[in-house]
Amino acid sequence: MSVRDEIEAKLTETFAPSAIEVIDDSERHHGHAGWREGGNTHFRIVIASEKLDGLSRVEQHRAINAALADQFDAGLHALAIKVTPSR
């Protein structure tokens, strides 16, 4: 399973989102801190979930980062997060 697929599966399992998009932005960060050959280091997510509704932006980001702790431990370097209202 790719890192992108792992991220999507973990977020889906944890937050049961009504919408989710996971984009590998690693190549846009070539030469930056944390980048390595082969990518899988920098991702952008857009997620809508009732479980994130009502939380502050900081709380949303903390919850998402906590859910992806294993991926960060395995080399995920950066995650851009956009939470949209659930439908």
Side-chain angles (χ1 to χ4, degrees):
M1 183 181 297
S2 71
V3 174
R4 191 202 97 36
D5 291 343
E6 288 177 10
I7 291 170
E8 185 171 342
K10 189 61 170 182
L11 293 176
T12 298
E13 173 187 322
T14 305
F15 299 107
S18 57
I20 186 168
E21 186 176 9
V22 180
I23 302 103
D24 185 347
D25 273 345
S26 299
E27 284 307 310
R28 293 183 58 211
H29 298 274
H30 187 275
H32 296 176
W35 181 88
R36 50 177 198 276
E37 196 67 44
N40 294 313
T41 56
H42 295 72
F43 286 85
R44 179 169 33 106
I45 65 164
V46 180
I47 186 170
S49 170
E50 288 183 3
K51 293 183 179 183
L52 296 169
D53 289 348
L55 299 178
S56 72
R57 186 173 179 186
V58 170
E59 291 169 327
Q60 291 169 339
H61 288 221
R62 284 181 179 157
I64 290 167
N65 286 333
L68 297 176
D70 290 342
Q71 285 70 28
F72 278 105
D73 289 344
L76 175 60
H77 177 73
L79 186 65
I81 301 168
K82 181 176 181 180
V83 177
T84 60
S86 63
R87 298 177 188 147

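Predicted model only: the values in this text are computed from it and were never measured. Worth knowing before you read on, the calculation uses all heavy atoms, side chains too, and leaves out hydrogens, waters and symmetry mates.
Between Ser49 and Ser86 there is no side-chain heavy-atom pair separated by less than 4.5 Å. Between Ile7 and Phe43 there is a side-chain heavy-atom pair separated by less than 4.5 Å. Residues Thr41 and Leu76 form no side-chain contact, since every pair of their non-hydrogen atoms from C-beta on lies 4.5 Å or further apart. When side chains are defined from C-beta on, Ile20 does not count as touching Ile45, because their heavy atoms never get closer than 4.5 Å. Counting only heavy atoms from C-beta outward, the side chains of Pro17 and Leu11 never approach each other to under 4.5 Å. When side chains are defined from C-beta on, Arg57 does not count as touching Val83, because their heavy atoms never get closer than 4.5 Å.
One finds a salt bridge joining Asp25 and Arg44 here, because a Lys/Arg side-chain nitrogen approaches an Asp/Glu carboxylate oxygen to under 4.0 Å.
A chain of hydrophobic side-chain contacts below 4.5 Å, direct or via other Ile, Leu, Val, Met, Phe, Trp or Tyr residues, connects Phe15 to Phe72.
Taking NE2 from His77 and NE2 from His42, the interatomic distance works out to 4.5 Å, rounded to the nearest 0.5 Å. Atoms NZ and OG1, from Lys10 and Thr14 in turn, are 5.0 Å apart once rounded to the nearest 0.5 Å.
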- Message: Assess the residue pair Thr84 and Ile47 against the criterion (side chain to side chain contact (heavy atoms under 4.5 Å, CB included)); give the C-alpha distance rounded to whole Å, side-chain angles, the decisive distance to 0.1 Å, and a yes or no.
- Response: CA-CA 6 Å; Thr84 60; Ile47 186 170; over 6 Å; no
- When you look at Glu8 and Arg4, which way does the salt bridge (charged side-chain N to carboxylate O under 4.0 Å, His left out) test go after all the steps? CA-CA 6 Å; Glu8 185 171 342; Arg4 191 202 97 36; 2.6 Å; yes
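When atom types are taken as modelled, the side chain of Glu59 and the backbone of Ser56 share a donor-acceptor pair closer than 3.5 angstrom.
A side-chain contact (heavy atoms from CB on, under 4.5 Å) with His61 holds for exactly one of Ile81, Leu55, Leu52, Leu79; it is Ile81.
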